[in-house]
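Here the structure is laid out as structure tokens; the discussion comes afterwards.
All values reported here derive from a predicted model rather than from experimental measurement. Reckoned from all heavy atoms, side chains included, excluding hydrogens, waters and symmetry mates. Counting from 1, the numbers follow the sequence of the chain as shown.
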Amino acid sequence: MFFQLLDSKLDCAGTYIDGQFIWDRIPDGVSKTWAYSDHLYGRDIDYAQLLVGGKKISEVCPEHLIERWEKAEGLMKSHFKGARTAAVNLQDVCFYDIVPKKHLQHYFDTKNEITQWIFENHEKPAHYNLLKNAQSAIKELRKHPINLNSFALYCISAEDQKAKHLYDQFGETTPYIDYDLFGTVTGRLTTKKGSFPILNLKKELKVHVRPNNDAFLELDFNAAEIRTMLALQGHEQPEEDIHEWNIKNVFDKEIDRDTAKTKIFAWLYNQESTSIQSDYYDREILLEKFYKEGHIQTPFGRSIAAPVRKALNYLLQSTSSDNTLERFAKISNFLKATRSHVAAVVHDSVVIDLHRDDRRLIPQLQEMFSETRLGKFKTNVSIGKNLGNMKRFEW
């Protein structure tokens, strides 16, 4: 049954279904809507927006409904603009109470029709459940503000342009991390405009990001993309550090870890390189298995158009990213029953804002992160009082 939520804020929420507004509850039996809302957490609902790659409704509206949608959306914008002009405080007044009922019905009827059309004309992607779970986890993470030491940033901003830029953006606001689930072709997370720039924050500025609870706990896959390549070739995961393992099993000579790390990555993403000859790492076998008719088909169900020169890169990056994304969603759901929460996802790691009462859960969280559908990945655990000073930790 198709429905839409009216949820401009927590105390201004309702459900529109079959031409009726229900304000006191979300009725049973609803199953399909346009997009996720926190009010829907824990319900078995399907979302049209996930079927169209996170696009806006105006971008995917069928031609026969465009005129109706533009009119309906225009009316809603006019009412919102009118409320602002009249200095109506929408924090004190429910927006839907000041819009004529017939305009609300027109808007939500049209939105329901567009939603239904999308479900009838778009198949669920094979990685739909991953997207659905990750979407919920991203929305949960968005609830928790970044504890930024604005005063420290201000003190150094006169001499540090990067600190000044960060302070100018977030020093006098409440910063949040807001991820875009559809920001890259491979599925790797990006941050939306206005989000705290956690993915490209310089190390020297990370010291100014502090936990809201007692400490940050970081779970980080050891050499995630290398381990992903081993997994895709059917090899068991080494229990030790992957670069130390490569020294013994691939290079078969005495080189230091940094050199081994440099050599494996230089070979991996340079299609012309033949510097490594090993049954453990075979690019051609992977491409033969996962690259068909110009598309990478990942184990997580993604189909990604890619030229040959980028095919391996896309395969490993996407698979590795989805492996982390799946762990992130699982951990986020687990932590809902605790005083801790996920603070950030940074490439192949998940950072948890850990409350002291939950420190007994560290081994369980490490195990939960390590046990992936690609096998058990070695996980490095770090802990610290800020993001810039994280120290390796073993339970």
Which residues share a side chain to side chain donor-acceptor pair (under 3.5 Å) with K55, sequence neighbours left out: none

On a heavy-atom basis, which atom in [X] and which in [Y] lie closest, and how many Å separate them?
X	Y	answer
S318	T186	OG-O, 2.8 Å
A134	F328	O-CE2, 4.3 Å
W34	I57	CZ2-N, 3.4 Å
F300	R373	CE2-NE, 3.2 Å
R43	P27	NH1-O, 3.9 Å
Y291	P307	OH-C, 3.5 Å

Should the heavy atoms of other residues, nucleotides or ligands under 6.0 Å from [atom1] of [X] be counted, would the total exceed 12?
X	atom1	answer
K378	NZ	yes
D28	CG	no
E120	CD	yes
K202	NZ	no
D44	CG	no
F80	CZ	no
K330	NZ	no

Partners passing salt bridge (charged side-chain N to carboxylate O under 4.0 Å, His left out) against D18 (at least two apart in sequence or in another chain): none

Qualifying residues under salt bridge (charged side-chain N to carboxylate O under 4.0 Å, His left out), relative to D348, sequence neighbours excluded: R188

Carboxylate-amine/guanidinium contact D214 K385, below 4.0 Å: no

Charged N-O contact under 4.0 Å between E236 and K376: no

Qualifying ring-ring contact (aromatic ring centres under 6.0 Å, His included) pairs with a residue from residues 353-375, counting only residues at least two apart or across chains: F221-F369

For [X] and [Y], indicate whether the former's side chain and the latter's backbone hold a donor-acceptor pair under 3.5 Å.
X	Y	result
T191	S195	no
E70	E67	no
Q277	T274	yes
R360	D357	yes
T115	K111	yes
S78	G74	yes
R359	R356	yes
H165	A163	no
R327	M368	yes
Q233	D282	yes

Working for side chain to side chain contact (heavy atoms under 4.5 Å, CB included), residues Y281 and I264: CA-CA 10 Å; Y281 300 113; I264 190 69; 3.9 Å; yes

Can you find a pair of side-chain heavy atoms, one from [X] and one from [Y], that are under 4.5 Å apart?
X	Y	result
S321	T184	no
P299	L232	yes
D160	L153	no

Whether Y167 and Y154 hold their rings parallel, tilted or perpendicular, with breakpoints at 30° and 60°: tilted

Residues Q366 and T379: side-chain donor-acceptor under 3.5 angstrom: no

Under 3.5 Å side-chain donor-acceptor pair for N222 and D241: yes

Any pair counted as side chain to side chain donor-acceptor pair (under 3.5 Å), so long as it reaches residues 100-109, sequence neighbours left out: Y16-D109, H79-H103

Ring centers of F170, F196 separated by less than 6.0 Å: yes

Mind listing the side-chain donor-acceptor pairs of residues 143-152 below 3.5 Å, one per line with the distance, residues two or more places apart or on another chain?
unit_1 : atom_1 : unit_2 : atom_2 : d
K143   : NZ     : E140   : OE1    : 3.1
N147   : ND2    : P211   : O      : 3.0
N149   : OD1    : A152   : N      : 3.2
S150   : OG     : G171   : O      : 3.1

ring-ring contact (aromatic ring centres under 6.0 Å, His included) assessment of W245 paired with Y280: CA-CA 11 Å; W245 184 86; Y280 289 111; 4.8 Å; yes

Residues R339, D353; criterion side chain to side chain contact (heavy atoms under 4.5 Å, CB included); working and verdict: CA-CA 9 Å; R339 302 179 71 175; D353 194 324; over 6 Å; no

Full working for side chain to side chain contact (heavy atoms under 4.5 Å, CB included) between K32 and M1: CA-CA 6 Å; K32 294 180 174 66; M1 186 178 294; over 6 Å; no

Name of the residue among I331, L361, L354 meeting side chain to side chain contact (heavy atoms under 4.5 Å, CB included) with S340: L354

